[in-house]
Structure formats: structure tokens, C-alpha cells
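Letters A, B, ... are given to chains in the order of the sequence lines, protein chains preceding strands, and every chain is numbered from 1.
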There are 2 protein chains.
Amino acid sequence: MALGTRRELRRRETVEEILAIAIDVMADDGVAGLSLSEVARRLGIKPPSLYKYFPSRLALYDRLFADGQQRYLEVFRGGAAGADPGLPALIAAVEAGGRWAMDNQALTQLLFWRPIPGFEPSAEAFAPSVAMLDEVRRMLADAARLGQLGPGAAAEEGVALFSILVAGMFSQQLANGPHESFADGRFTRLAPQIFAMFRQHYPPTEGSDDRRHPHRAAQPSPSR
Amino acid sequence: MALGTRRELRRRETVEEILAIAIDVMADDGVAGLSLSEVARRLGIKPPSLYKYFPSRLALYDRLFADGQQRYLEVFRGGAAGADPGLPALIAAVEAGGRWAMDNQALTQLLFWRPIPGFEPSAEAFAPSVAMLDEVRRMLADAARLGQLGPGAAAEEGVALFSILVAGMFSQQLANGPHESFADGRFTRLAPQIFAMFRQHYPPTEGSDDRRHPHRAAQPSPSR
DNA sequence: GTCTATAGCCTGATAGAC
DNA sequence: GTCTATCAGGCTATAGAC
């Protein structure tokens, strides 16, 4: 359903407009300060008309959460795409995600914190978040397989520790330097040290297939 | 001024009551959902009466921020008090702070995040936060002096990295497991690993006065 | 899909009586 | 320091005309 008839195309455009305005309103008035009346005002319609597109304020939050999570996931994957597999891909992905987070602070707060009591994202809206975690786990497993990290990095504890590092970096930067860029931020610019810490905590095991640092444990790598 | 006449004592008590109720309201309705009317309702007075104690809603936030920061600092120092100086004191302090954070989530959000657009804590309210940072820096310097950590740990970068670790642990736990305790939380229970990571990143230098681990062998210095 | 009208709340803040 | 009265709005949401 919802094929590309002109009517439905127009409807989609309006929904996208509403979402973009809602993000602006959150940027101005805080995530919790999102109001349907203000969105309607900026869109040039009356508040009741919004109910043709979203059945309630919480439904709007849910859609914002779902779309934000989805966009973050895409940016994350896009960041990984250009880099070598394993740790380099993961680092590139986190950096791309960090730039997006600094450019989309209201959405990031909605995704990473819990600023709206009474709002629980629906399972559907939460799906990209689960995919995100899998993505990280997969990249950590790649890194372990490639001998860039020890095997523990891809276990539950490793994934949790990694998420703490990333969340801490984003949180501190958003709270204490929201106007600084990812590259220059007092906290986000420490990303390389953060990754170094993680690597030191899960160092590659001795005999692993480390194609990235072949000089370390000089072994003739058998050609396959 | 403000000596202990009966009148002023009573006034202080009322102010304390208002602050306690305000914290409850934030716990129920979110940090941004704090309303003077609701506070008045729960206190059993009419909203205008509140203005005898606080000149505005933002002033109430400022006082909540100042008191919260102060209490957190006291808990932090109290946690350090019982432990050996240096790293053990720092670890005990962070753990005490973490337990307090889980028990005072609304206040923690006000202190660590920026949920209220338009609210900037006054310099006065911010003072304990500065003292807090000094406290951490001092403890890291102690740890370096005692040979528990390398000297870089107490430099600006080390303090920032440490704050990222702590903020990440708190943030992830508050956002993803607010009902779990500090000891059992999926993220906060990883505190020992977090500290281990930090120590690995700033390992004690060779000839330092390491009274705590005199047996330890040389470690490679962090890559950089 | 837009509107008007309205219900039924809510808010922060001030003036001024007591 | 408490109150009433009031200003001057704000909000989500629904009913129903067009």
C-alpha cells in the first residue's frame, strides 16, 4: 500500500516537513519542549490539522525516534564502508556517527538519553537500535578474527565497554561543549586515545592472524 | 546574616521541603517537567506563595543544581575518605558517586546533561563542579605520585579521558537500566574493567615509587 | 485535509488584601 | 507569608463544517 499516487507522495512530503520542523523545535526548546502547536505554527497550519498525520504527540516522538535511529545507523554503516574491515571500519563508523551526533543534537538526546518520561519507543522504532548493536558486535568480531583485537572484545562485556566509551565521549561533548565540532571538541578529539585504550584492554592474542601488523610476531603467512 | 532565629530556621526548613518536593516532581515528570504549580500543590500551598522563597522557576533550577552538585561532591569525597590514597581512593569515590547517581537520577540528569534550554547554572552554583574536577585531578596526581599510574594521568588529557569513562558508565546505565542498582547494573558493574582500562593506558613508569605493586614488570608505554 | 470552535486542562508570574 | 484574583497566555485533543 501507499504507492506513489500523487496524493500519497504529497502526504509523505508533508510528513517529512513535519518531522524536520519538529527537530528544529526540539533544538530550540529542548527535546521535552516539543509542542504540536509550535510545529503547526511554523508549518503554517492549525494544530488540529496535524492530527491527520500523527495521532498524538507521543506518536510524533516515536517516529522521530525511529527515523533518528535509522539515520544514525545508516551514517554509522556509511562511515565503515570506506575503511578497511575490523577496527579501522569501526573507528571510521564511530567518527561518522559522532559527527552526525554533533550535527543532530536534539535527535541524539532523544536516542541516547531518556528525556521524556512516559515515552517508550515502540518495538518497531527500536529495531534499528538492535541492528546497531549487532553491527558493532560484528565489527568487533571482525577485528578479533583479523587479529586486531583479542577475542574478548566481541563478547558481551567487550561490546558493553565499547558502548560506554562511545556514549561517554558523546555525552561529555554534548553536555560540556555542544558548540564545538567533533574534530575539535575537548572530548571528541580524544577519540584516538579512546580507541587505543580499548585496544590495550583487548590486545590481539599471540598467534592470531594479524595482517595489519605482520611485523609483530614474524610469521610466514601462508598464502591461501 | 540569616542567623538561627526561629523565623529563619522555619524558613530554611520550608526551602528544604520545596527542594525535596521539586526533586520528586522531576522524578515523576522529567527534569524539564518541573512546575511550580505542582510543587505548590504537593506542599499544600498556592503557587504565588512559592515566590516568597524563589523568585522564578529558573532560580529553583539553579538552587537544585547547586545543592545537587554539592551533595555529589560530598558523597564523592566521603567515598574516598575510607580508602587508601591515590587510585583506591578515586575508585571508591567514583563508586560512591555512582550509587548516589542511581539513587538521585533526576538530579544526576540535571547535573550531567543539559535538559533545560535557557538554563545556565550561575557561577556560584557551578563552583562545586569546579571543585569536583580539582578533586579528581588531585587524586590522579596522588596516584601518579604513588606510582599507581603514569604521570600523564593527571594531565588535562588524562582527566578528560577519566571523565569520559565515568560519564559513559553513568549515562549508559541511567538510559538503559535505570532500575538496576549500581552493583548489578549492566554497565556500572563493569566499573573494575573501566578502571583497569584507564590504568593500562597510563601504566606506572619504571622507576616510580610504586609501593602498591612493587613486583610489576615493565609495561610498554601507550602508543601515541 | 483544512478549518473554526471548543473542551478542559495547564503554566509562570504579579498585584494587592489580610 | 499566606491568600484571592487575575493576566496572558500555553497546551493536547476532539467535533464537526466545508
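- Straight-line distance from the CZ atom of B:R10 to the P atom of D:dG1: 9 Å, rounded to whole Å.
- With rounding to whole Å, A:E38 atom CD is found 10 Å from D:dT12 atom P.
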**Request:** In sequence, state the C-alpha distance, the side-chain angles, and the governing distance for B:Q109 and B:Q105, and then conclude on side-chain hydrogen bond (donor to acceptor under 3.5 Å, both in side chains).
**Result:** CA-CA 6 Å; B:Q109 289 182 25; B:Q105 302 195 13; 5.2 Å; no

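- Between the CZ atom of B:R12 and the C1' atom of D:dG1 there is a distance of 18 Å, given to the nearest Å.
- In this structure, B:F162 and B:F198 have perpendicular ring planes: the angle between them is above 60°, well past the 30° mark.
- Side-chain contact between B:L174 and B:S171 is absent, with no heavy-atom pair separated by less than 4.5 Å.
- Shown here are the salt bridge (Lys or Arg N to Asp or Glu O under 4.0 Å) partners of A:R77, two or more places apart in sequence or in another chain: A:E135.
- Using a 4.0 Å cut-off, some side-chain N or O of A:S37 falls inside it from OP1 or OP2 of D:dT12.
- Atom pair B:E17:CD and D:dT2:P shows a separation of 10 Å (rounding to whole Å applied).
- A:D29 places its CG atom 15 Å from the C1' atom of C:dT11, with the value rounded to the nearest Å.
- What separates CG of B:L9 from P of D:dG1 is a distance of 12 Å, to the nearest Å.
- A side chain to side chain contact (heavy atoms under 4.5 Å, CB included) with A:V39 holds for exactly one of A:D24, A:I45, A:L34; it is A:L34.
- Residues from residues 46-62 of chain A placing a heavy atom under 4.0 Å of any atom in DNA chain D, listed by number, are A:P48, A:Y51, A:S56, A:R57.
- Contact annotation for A:R41: backbone-only contact, meaning every heavy-atom pair under 4.0 Å involves sugar-phosphate atoms and none involves a base.
- Side-chain N/O atoms of B:R11 include none lying less than 4.0 angstrom from OP1 or OP2 on D:dT2.
- For B:E38, the salt bridge (Lys or Arg N to Asp or Glu O under 4.0 Å) criterion is met by B:R41, B:R42, not counting sequence neighbours.
- Note: CD1 (A:I18) to C1' (C:dG1) measures 11 Å, nearest angstrom.
- Between the A:N176 side chain and the A:Q172 main chain, a donor and an acceptor come within less than 3.5 Å of each other.
- Whole-Å rounding puts the B:L36 CG to C:dG12 P distance at 4 Å.
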